[in-house]
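Beneath this line is the structure, given in structure tokens, with notes to follow.
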Amino acid sequence: MLLNFDIFAINYLGLLKLFILLGLLVYVAFALVVVRQVFLLNDTLQTKISPWLKVAAIVNTCYGIFSLLFHMLFL
Amino acid sequence: MTGVFSHYMTNPRGVCFKGQAFDEKIILLLRRHIVTNVPWVVTTILFLYIPYIVPKILTAGGFVLPVTIPLAYQMALWFLWYLVVLAYAFESYLIWYFNVYVVTNRRVVDVDFYGFLSMEISDASLESVQDTTYNISGVFATAFNFGHVFIQTAAESSEFDFEFVPHPADVQKVISDLITKKMQHKP
């Protein structure tokens, strides 16, 4: 059976939005892994900038989550 | 050089590592030479310019998108791209920062961090060190004075390789002096 499939029949903006949201979701997952990483590594080696690295990792995650929510709601 | 880009620290203050004994003192804390960060820094800068360069190239080449993307979506795509670039830069920095080589008054410790929860820590006591050698090869290594320091131990686990560390000759001398000192104090 042949399917007459027209890609432009699909709402391309919907696909684009899905792509952006999936990208942000992957970013948030990555940011959470980085937080875990930084905490583990700071246990292994503590330096003067260790607290700042932790803060940077947490801020990065919060930024990712905020971006995801913002795009979910307003895009 | 101290702070976030330190690559050679002697008797560093405010630094400790997991498993460090109470009376164990860090003599040297080494990372790869700062110059070894150039590839990822250059890549990051290039990536930052991609959203500006690619559309211009496509337009110059006569390529026209079959659909119109609203400004809000374009900005969201740019934003996502810059997040990915930021993630790449941060991860690259972390890999450099946490790949450390530590020489204490008791042992040598090699912390290898490969990224994404892959880590390996190995150590060897100074008594078990049999031989230390270093090599500097290549134009950049010679120009910026960095190279490899190989530490052969008596243990079966072959040797330690301090990769691309600054002042490898000094590092080798410090380790050799520590071993000599240790042997002299041996009863």
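Heavy-atom basis, side chains included; hydrogens, waters and symmetry copies ignored. Just so we're on the same page: letters track the sequence lines, and every chain starts at 1.
Looking at A/Phe70, neither its backbone nor its side chain comes within 4.5 Å of chain B, counting heavy atoms on both sides. Of the two parts of B/Leu80, only the side chain, counted from C-beta on, holds a non-hydrogen atom closer than 4.5 Å to a non-hydrogen atom of chain A. Within the 4.5 angstrom heavy-atom criterion, atoms from both the backbone and the side chain of B/Tyr73 approach chain A. In this structure, the portions of A/Asn42 lying under 4.5 Å from any heavy atom of chain B include both its backbone and its side chain.
Ring pair B/Tyr93/B/Trp40 is perpendicular by interplanar angle, where above 60° counts as perpendicular and below 30° as parallel.
Ionic pairing of B/Lys173 and B/Asp177 is present here: one or more N-O contacts between side-chain nitrogen and carboxylate oxygen are shorter than 4.0 angstrom.
Looking at B/Val111, B/Ile121, B/Val100 one by one, the single match for side-chain contact (heavy atoms from CB on, under 4.5 Å) with A/Leu45 turns out to be B/Val100.
When atom types are taken as modelled, the side chain of B/Gln172 and the backbone of B/Ser176 share no donor-acceptor pair closer than 3.5 angstrom.
Interface remark: of the candidates A/Leu24, A/Asn60, A/Val38, A/Leu24 forms the most heavy-atom pairs closer than 4.5 Å to chain B. Contacts with chain B were tallied for A/Thr44, A/Leu41, A/Asp43, A/Leu53; A/Leu41 has the most, counting heavy-atom pairs under 4.5 Å.
Annotation: cation-pi pair B/Arg31/B/Trp96 present, NZ/CZ under 6.0 Å from the ring centroid and within 45° of its normal.
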